[in-house]
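Right, one structure below, let's go through it.
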Amino acid sequence: MESNSAMVAFPLLTTPIESNYRACTIPYRFPSDNPRKATPTEIAWIDLFRNSIPSFKKRAESDTTVVDASTKAEKFAQRYADILDDIKKDPESHGGPPDCILLCRLREQVLRELGFRDIFKKVKDEENTKAISLFPDVARLNDDIEDGGKCLENLVRGIFAGNIFDLGSAQLAEVFSRDGMSFLASCQNLVPRPWVIDDLDTFKAKWNKKSWKKAVIFVDNSGADVILGILPFARELLKRGTQVVLAANDMPSINDVTYPELIEIISKLKDESGKLIGVDTSNLLIANSGNDLPVIDLTRISQELAYLASDADLVILEGMGRGIETNLYAQFKCDSLKIGMVKHPEVAQFLGGRLYDCIFKYNEVLG
């Protein structure tokens, strides 16, 4: 399902990888649990994925690129529900025991087997168009903030506000289909600080004193997330002389932005001299991560990204899937940021926070 070339481990993971890294933040089970009986955590997560079926089915039904889409969408809903029931009865079925990577992969597999390649394409395109039109205002708003710390906080709030555009969350998919989302209103309405993990003040102190030579940013959703959240932040890094690598999915999954889509977005945002609202982009690179899911296992990335990332000194994982559910505790050989909004009650409960709470986790590596 991924790119044809062999996948490799992300070169900045702390070694030995086998004992230091697991692409799953919340343990669904422990060694002492009965391997043939689903744990309460597994059941809660299987139910969460089951709750997403109606919104996925609805998107699939309206996919005009697929012949007989509504019959196939019904088949998807039935087949994926059956798989989830199987795993509930026997956690070792379908390649289990389950974690969020397996549950996402099985959902994508069923969709692709039925011919659905990109059921969120229409909504992604619409949201990208809207966000592109707002980008100049958002960028200038940040440029007008003279205080470096306040500017950083504004950029971070923008990342959280953008990250709300996530159609993998059943509740948010419903809100979005009902009344859309306003980026600036979302910026104002974030839960108050301190957030459930809040290292912003520590990072702010570093931001004022330290500069990074190269940052790798694993991006998340299309629309406001990447265009109004991540790109203004990346643009600020470019202004400070940091080379920026944006790593995007190889293949479509939910409303995550793909590598070809991101290339197109950047080309639309640049002016005739190749600048992003006055900022030189010769140090901005876009990489294909080799990933095809809304979560990521960093032991399986493209060789291209591994090569580009090998000399980076800052790694940023953004979004609930990559930054929270699979890599919140991932350790790197360099400084790292995990930024995302908590959009599943199960994650909020695990972290002892609120639904729609924010995570800004900064780890500095000294020397």
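Nothing here was measured: the structure is a model prediction, and the numbers come from that model. The first residue of the sequence shown is numbered 1, and numbering continues consecutively from there.
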Subject >> Test item: N291 side-chain N/O and V295 main-chain N/O as donor-acceptor pair under 3.5 Å >> reply: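 Yes: the side chain of N291 pairs with the backbone of V295.
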
Subject >> Main-chain N/O of D311 paired to K213 side chain as donor or acceptor, under 3.5 Å >> reply: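 Judged by distance alone, yes, a pair lies under 3.5 Å.
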
Original post:
Excluding sequence neighbours, so at least two apart, what forms ring pair (Phe, Tyr, Trp, His ring centres under 6.0 Å) with Y362?
Top reply: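 Y362: ring pair (Phe, Tyr, Trp, His ring centres under 6.0 Å) contacts with F203.
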
**OP:** Quickly, which of E127, K121, E261 forms a side chain to side chain contact (heavy atoms under 4.5 Å, CB included) with S222? Name it, please.
**Re:** E261

Original post:
Pick from V257, I230, N288, N128: which one makes a side chain to side chain contact (heavy atoms under 4.5 Å, CB included) with L262?
Top reply: V257

**OP:** For E108 and S253, test the side chains for any donor-to-acceptor distance below 3.5 angstrom and give the result as yes or no.
**Re:** yes

Subject >> Within 6.0 Å of NZ in K210, more than 12 heavy atoms from elsewhere >> reply: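 More than 12 within 6.0 Å, yes.
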
**OP:** Give a yes or no on this: more than 12 heavy atoms of other residues, nucleotides or ligands lie within 6.0 Å of atom CZ of R36.
**Re:**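 Not buried by this count: 12 neighbours or fewer within 6.0 Å.
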
Strictly below 4.0 Å, N to O, side chains only: are [X] and [Y] in salt-bridge contact?
| X | Y | value |
| --- | --- | --- |
| E264 | K268 | yes |
| D313 | K214 | no |
| R235 | D143 | yes |

Original post:
Do F116 and F56 have their ring centres less than 6.0 Å from each other?
Top reply: no

**OP:** Flag the pair Y21 / F332 as yes when their ring centroid distance falls below 6.0 Å, and as no otherwise.
**Re:**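 No; F332 has its ring centre 6.0 Å or more from that of Y21.
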
Are [Y] and [X] connected in a single hydrophobic cluster, I mean Ile/Leu/Val/Met/Phe/Trp/Tyr linked by side-chain heavy atoms less than 4.5 Å apart?
| X | Y | result |
| --- | --- | --- |
| L298 | V219 | no |
| I217 | M341 | yes |
| I266 | L238 | yes |

Would you be so kind as to tabulate the donor-acceptor pairs closer than 3.5 Å made by side chains of residues 269-277, with sequence neighbours excluded?
| from | atom 1 | to | atom 2 | distance (Å) |
| --- | --- | --- | --- | --- |
| D271 | OD1 | S273 | N | 2.9 |
| D271 | OD1 | S273 | OG | 2.9 |
| D271 | OD1 | G274 | N | 3.1 |
| D271 | OD1 | K275 | N | 2.8 |

Original post:
So F233 and W207, would you call those rings parallel, tilted or perpendicular, with 30° and 60° as cut-offs?
Top reply: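 Parallel, since the angle between the ring planes stays under 30°.
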
Subject >> side chain to side chain donor-acceptor pair (under 3.5 Å) involving D68 - partner list, sequence neighbours excluded >> reply: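 Counting only residues at least two positions away or on another chain, D68 forms a side chain to side chain donor-acceptor pair (under 3.5 Å) with T71.
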
